Enquirer: 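So that we are looking at the same thing, I have put the structure below in structure tokens.
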Amino acid sequence: MWTTFAATVGGSAAGLTGLTFIVVAFRFDVVATSQEYRNRAAQTVSLFLTTTVTASLITLPQPTSALGVELLAAAAASATLLSVLDQAARRGTSRHARPTLVVALVAFAAGIATAGAFAVTGSTKGLGFYAASALLGLTWGVYGTWVFLTQAGTDQINAAATPHDQPDPAPAA
């Protein structure tokens, strides 16, 4: 019942992975020089790849309990990778984890894990959690790609432009 949805989501995620690589290549000058942007780009690709891989697992003919173990493993690997990349993106800065990002990434991995837990018991009733996670992963990934396209490097441009845009100080009397 879920194979058509999974195939659609997996194909979408695979296509968006390619788009993300194009956007990163387009903005390579900024992404390559920024530890934060490199790690955020890797997070975005990780969201898409996790969605692609888990969709492939769902479409693969296999016992439901085997699918459950695979989904649990994928959720654990994804959560670990996303967490490491978030910490790496913030390394060397005074920034704290952004609550919205943390909630989105935790919900993404938790939905896949919940679907896996249901499947381990032989039930496919938890695949709705997978569906929600897959859609969240696609949405958050598209948002991340949009940020790279439209905002990457603007902080450097704004910092460089600011001194020149300020009016000259009034001459001393």
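Just so we're clear, the structure is a prediction, and the values are computed from it rather than from any experiment.
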Enquirer: Of all heavy-atom pairs between A41 and V24, which one has the smallest distance, and what is that distance?
Expert: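 Answer, listing the atom of A41 first, then V24: CB-CG2, 3.9 Å.
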
Enquirer: Kindly give the heavy-atom pair with the smallest separation between E70 and L57, and that separation in Å.
Expert: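 So the minimum-distance heavy-atom pair works out to OE1-CD2, 3.4 Å.
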
Enquirer: What are the two closest heavy atoms between T59 and A7, and how far apart are they?
Expert: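 For T59 and A7, the tightest heavy-atom pair comes out as CG2-N, 3.8 Å.
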
Enquirer: Would you give the length of the straight line joining atom OG of S34 to atom CG of D29, rounded to the nearest 0.5 angstrom?
Expert: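 Going from OG on S34 over to CG on D29, the span is 11.0 Å.
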
Enquirer: Calculate, to the nearest 0.5 Å, the distance between atoms CG and CG belonging to L47 and L82 respectively.
Expert: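 That separation rounds to 5.5 Å.
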
Enquirer: List the atom of A13, the atom of T52, and the distance in Å for their closest heavy-atom pair.
Expert: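 Smallest interatomic distance, heavy atoms only, reads CB-OG1, 3.2 Å.
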
Enquirer: Side chains of T145 and T44: donor-acceptor distance under 3.5 Å anywhere?
Expert: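 No, T44 and T145 have no side-chain donor paired with an acceptor closer than 3.5 Å.
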
Enquirer: With rounding to the nearest 0.5 angstrom, report the OG1 to CD1 distance, T51 to I112.
Expert: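 CD1 of I112 is found 6.0 Å from OG1 of T51.
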
Enquirer: Roughly how far, to the nearest 0.5 Å, is the CD1 atom of I22 from the OG1 atom of T17?
Expert: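 Reported value, rounded in 0.5 Å steps: 11.0 Å.
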
Enquirer: Indicate yes or no for a side-chain donor-acceptor contact from T150 to the backbone of W146 under 3.5 Å, with no hydrogens or angles considered.
Expert: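 Between the backbone of W146 and the side chain of T150 there is a qualifying donor-acceptor contact (under 3.5 Å).
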
Enquirer: Could you state the interatomic distance from CG (L71) to CD1 (I58), rounded to the nearest 0.5 Å?
Expert: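 It comes to 5.5 Å.
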
Enquirer: Please report the shortest heavy-atom distance between S46 and L85, naming the atom on each side.
Expert: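 Scanning both residues, the minimum pair turns out to be OG-CD1, 3.7 Å.
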
Enquirer: Hey, mind stepping through W140 and T100 against side chain to side chain contact (heavy atoms under 4.5 Å, CB included) and telling me if it holds?
Expert: CA-CA 11 Å; W140 198 260; T100 306; 3.7 Å; yes

Enquirer: Do R40 and Q43 have side-chain atoms, one donor and one acceptor, less than 3.5 Å apart?
Expert: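 The criterion, which ignores hydrogens and geometry beyond distance, is satisfied for Q43 and R40.
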
Enquirer: Would V103 and V106 count as a side chain to side chain contact (heavy atoms under 4.5 Å, CB included) if you check the C-alpha gap in whole Å, the side-chain angles of each, and the deciding distance to 0.1 Å?
Expert: CA-CA 5 Å; V103 168; V106 167; 6.0 Å; no

Enquirer: Apply side chain to side chain contact (heavy atoms under 4.5 Å, CB included) to the pair L72 and V69, showing each step before the final yes or no.
Expert: CA-CA 5 Å; L72 286 170; V69 171; 5.7 Å; no

Enquirer: Return the OG1 to CG distance between T20 and L149, rounded to the nearest 0.5 Å.
Expert: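 T20 OG1 to L149 CG: 10.5 Å, rounded to 0.5 Å.
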
Enquirer: Angle class for the W2/F5 ring planes (parallel below 30°, perpendicular above 60°, tilted otherwise)?
Expert: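 Rings of W2 and F5: perpendicular, as their planes differ by over 60°.
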
Enquirer: Quick check: closest heavy atoms across S133 and G111, and the distance to 0.1 Å?
Expert: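 Looking at all heavy atoms of both residues, the shortest contact is OG-CA, 2.9 Å.
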
Enquirer: Under a 3.5 Å distance rule, please check whether T54 uses its side chain to pair with a backbone N or O of T50 as donor and acceptor.
Expert: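 Side chain of T54 to backbone of T50: a pair is present.
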
